[in-house]
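Worth saying up front: this structure is predicted, and the values here are computed from it rather than measured.
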Amino acid sequence: MPPTRHPAVAGRFYPADPFTLREAVESYLVPAEKSPAVGCVVPHAGYMYSGHVAGAVFSRLEIPQTIILLCPNHTGRGAPLAINSQGAWQTPLGPVSIDQSLAERLKTQFPLLTEDTEAHRSEHSAEVELPFLQVLRPDVKIVPIAIGTKQLEILQALGNAIAESDTLIIASSDMNHYENDAITRIKDHKAIEKILGLDSNGLYEVVRKEKITMCGIGPTVVMLTAAKKAESAELVKYATSGDISQDRNMVVGYAGIVVK
């Protein structure tokens with residue numbers, strides 16, 4: 001029987017009850033003209049903090065049947081480039097199948113991708129995107145990849161391999177962490193400027209130079225490298241956790257960006 005990855009953060013980052021979860025996702029979606037995209041950056045915090053930013057991005061996208069879902073590895077467990085190629089990921093809204101043929105092809109094209117469930121088992125940053133995809137495209141399939149390396153050459157090589165897949169690439173990432181609101185906004189917009197310029201090298205360098213604690217730098221560099229056909233990028237929405245909590249002393253930044 002194909003393996004099933006069970007939810008790790010249902011009831012914490014988002015509602016565990018399917019009806020409440022669907023209502024929550026729909027509340028974050030906004031009327032917008034949908035169009036195909038090469039890639040996007042979406043946040044992955046608890047829905048009460050970043051769901052409105054993620055929803056603004058997903059509202060703009062024509063969701064293809066298969067998506068490459070890139071996320072950081074917060075736990076440090078498992079392989080540095082961890083892919084799942086079989087089975088499904090379960091959420092309260094039901095199972096999301098893995099596109100086995102694409103996943104196997106990527107492993108052949110890029111042998112550093114390792115079949116690994118441990119890196120994904122407790123990782124929230126891909127999981128929280130799934131209910132949005134399920135509501136918008138119930139038959140959606142994914143290829144989930146957790147990225148634990150920050151070596152630029154490896155990230156760009158993976159991006160070059162993924163570029164041939166010609167499907168939507170989601171980079172799950174929050175922005176700067178745990179500084180005050182003013183500093184976070186300044187730092188984040190330095191990184192956002194590089195993303196909008198489709199500049200993976202520039203993003204990597206500014207994050208290092210300015211000490212921007214953007215957890216999904218790896219997924220975003222991979223996505224930008226893979227987005228060879230992209231002509232432009234748009235900042236759809238930006239916010240910090242302070243906008244919700246009203247605590248401006250220690251915040252996390254959230255950027256929603258579409259790459260076309």
What's the verdict on side chain to side chain contact (heavy atoms under 4.5 Å, CB included) for Leu136 and Leu61, showing C-alpha distance, side-chain angles and the deciding distance?
CA-CA 9 Å; Leu136 290 166; Leu61 302 176; over 6 Å; no
Where do Ile147 and Leu158 land on the side chain to side chain contact (heavy atoms under 4.5 Å, CB included) test, with the steps shown first?
CA-CA 10 Å; Ile147 298 173; Leu158 175 58; 4.3 Å; yes
Determine, step by step, whether Asp99 and Thr167 satisfy the side chain to side chain contact (heavy atoms under 4.5 Å, CB included) criterion, reporting the C-alpha distance in whole Å, the side-chain angles of both residues, the deciding distance to 0.1 Å, and the verdict.
CA-CA 12 Å; Asp99 189 321; Thr167 190; over 6 Å; no
Show, in sequence, the C-alpha distance, side-chain angles and deciding distance for Thr184 and Met175, and conclude whether the side chain to side chain contact (heavy atoms under 4.5 Å, CB included) test is met.
CA-CA 8 Å; Thr184 290; Met175 301 299 290; 5.9 Å; no
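Remark: Ile142 CD1 to Thr66 OG1 distance equals 10.0 Å, nearest 0.5 Å. Between atom CE of residue Met223 and atom CG of residue Leu155 there is a gap of 12.5 Å, rounded to the nearest 0.5 Å. If you take CG on Leu133 and CG on Leu69, they are separated by 7.0 Å, rounding to the nearest 0.5 Å. For the atom pair Thr213 OG1 and Asn176 CG, the distance stands at 3.5 Å (nearest 0.5 Å). Within the model, atoms CG of Leu81 and CG of Leu112 stand 6.5 Å from one another, a figure rounded to the nearest 0.5 Å. Here CD1 of Ile169 is found 11.5 Å from OG1 of Thr220. Values are rounded to the nearest 0.5 Å.
Under a hydrophobic clustering in which Ile, Leu, Val, Met, Phe, Trp and Tyr are joined whenever their side-chain heavy atoms come within less than 4.5 Å, directly or via other members, Val135 and Val128 fall into the same cluster. Under the 4.5 Å side-chain contact rule for hydrophobic residues, Leu152 and Ile145 share a cluster.
No side-chain donor-acceptor contact under 3.5 Å links Gln134 to the backbone of Val96. Remark: side-chain polar atoms of Ser50 are paired, donor with acceptor, to backbone N or O of Ala45 under 3.5 angstrom. Side-chain N or O atoms of Thr108 include one that pairs as donor or acceptor with a backbone N or O of Glu104 at under 3.5 Å. Looking only at distances, a side-chain donor or acceptor of Lys187 sits under 3.5 Å from a matching main-chain atom of Lys211. Within the 3.5 Å criterion, the main-chain N or O of Lys141 finds no donor-acceptor partner in the side chain of Gln65. Side-chain atoms of Thr114 do not come within 3.5 Å of backbone N or O of Asp116 as any donor-acceptor pair.
Salt bridge annotation for Lys190-Glu193: absent, with no cationic side-chain nitrogen under 4.0 angstrom from a carboxylate oxygen. A salt bridge links Arg185 to Asp243: at least one charged side-chain nitrogen sits closer than 4.0 Å to a carboxylate oxygen. Between Arg248 and Asp181 there is a salt bridge, with a side-chain nitrogen of the basic residue lying less than 4.0 Å from a carboxylate oxygen of the acidic one.
A heavy-atom distance below 4.5 Å is found between the side chains of Lys228 and Asn160. Proximity of Leu106 to Ile68: side-chain heavy atoms (C-beta onward) are separated by under 4.5 Å at one or more points. Thr225 places a side-chain heavy atom less than 4.5 Å from the side chain of Val221. Put simply, the side chain of Pro3 does not reach to within 4.5 Å of the side chain of Thr117, judged on heavy atoms. Using a 4.5 Å cut-off on side-chain heavy atoms (C-beta onward), Pro72 and Pro219 make contact. When side chains are defined from C-beta on, Ser172 counts as touching Ser125, because their heavy atoms get closer than 4.5 Å. In this structure, Ile98 and Pro144 have side chains that are in contact, with non-hydrogen atoms separated by less than 4.5 Å.
Residue Tyr178 shares its hydrophobic cluster (ILVMFWY side chains chained together at separations under 4.5 Å) with Met48, Tyr49, Val53, Ile244, Met250, Val252, Tyr254. Through side-chain heavy atoms spaced under 4.5 Å, either directly or across other Ile, Leu, Val, Met, Phe, Trp or Tyr residues, Ile186 is tied to no other residue. Cluster partners of Ile183, using a side-chain heavy-atom cutoff of under 4.5 Å among ILVMFWY residues and allowing indirect links: none.
Contacts of Phe13 classified as ring-ring contact (aromatic ring centres under 6.0 Å, His included), with partners at least two apart in sequence or in another chain: His124. With sequence neighbours excluded, the residues satisfying ring-ring contact (aromatic ring centres under 6.0 Å, His included) with His120 are Trp89. Every residue meeting the ring-ring contact (aromatic ring centres under 6.0 Å, His included) condition with His189, not counting sequence neighbours, appears here in chain and number order: Tyr238. For His52, there are no ring-ring contact (aromatic ring centres under 6.0 Å, His included) partners at least two apart in sequence or on another chain. Arg77 pairs by the salt bridge (Lys or Arg N to Asp or Glu O under 4.0 Å) definition with nothing, not counting sequence neighbours. For Glu205, the salt bridge (Lys or Arg N to Asp or Glu O under 4.0 Å) test picks out no residue, with sequence neighbours left out. Listed by chain and residue number, nothing satisfies the salt bridge (Lys or Arg N to Asp or Glu O under 4.0 Å) test with Glu129 (two or more places apart in sequence, or in another chain).
For Lys107, the NZ atom counts as densely surrounded, since its 6.0 Å shell holds more than 12 non-hydrogen atoms of other residues, nucleotides or ligands. More than 12 heavy atoms of other residues, nucleotides or ligands shown are found within 6.0 angstrom of CD on Gln246. Atom NZ of Lys34 is surrounded by more than 12 heavy atoms from other residues, nucleotides or ligands within 6.0 Å.
For Asn73 against Ala119, the heavy-atom pair with the smallest separation is ND2-CB, 3.7 Å. Nearest heavy-atom pair across Ala255 and Pro43 is O-CD, 3.7 Å. A pairwise comparison of heavy atoms in Ala230 and Leu198 identifies O-CD1, 3.8 Å as the closest pair. The two residues Ser165 and Leu102 have their closest heavy-atom pair at OG-CD1, 3.7 Å. Closest non-hydrogen pair, Ser59 versus Leu29, comes out as OG-CA, 3.3 Å. Nearest heavy-atom pair, Ala56 versus Val30, reported as atom, atom and distance to 0.1 Å: CA-CG2, 4.3 Å.
Identified under the ring-ring contact (aromatic ring centres under 6.0 Å, His included) test for residues 125-164, with sequence neighbours left out: Tyr47-Phe132, Phe58-Phe132. Residue pairs meeting the salt bridge (Lys or Arg N to Asp or Glu O under 4.0 Å) criterion with at least one partner in residues 42-61, sequence neighbours excluded, are Arg60-Glu234.
Glu127 pairs in a side chain to side chain donor-acceptor pair (under 3.5 Å) with only one of the listed residues (Gln90, His44, Arg5), which is Arg5. Of the residues Leu21, Leu130, Val25, the one that meets the side chain to side chain contact (heavy atoms under 4.5 Å, CB included) test with Tyr14 is Leu21. Screening Leu235, Leu224, Val206 for a side chain to side chain contact (heavy atoms under 4.5 Å, CB included) involving Ile195 leaves a single residue, Leu224.
Between the side chains of Asn201 and Gln156, at least one donor N or O sits under 3.5 Å from an acceptor N or O.
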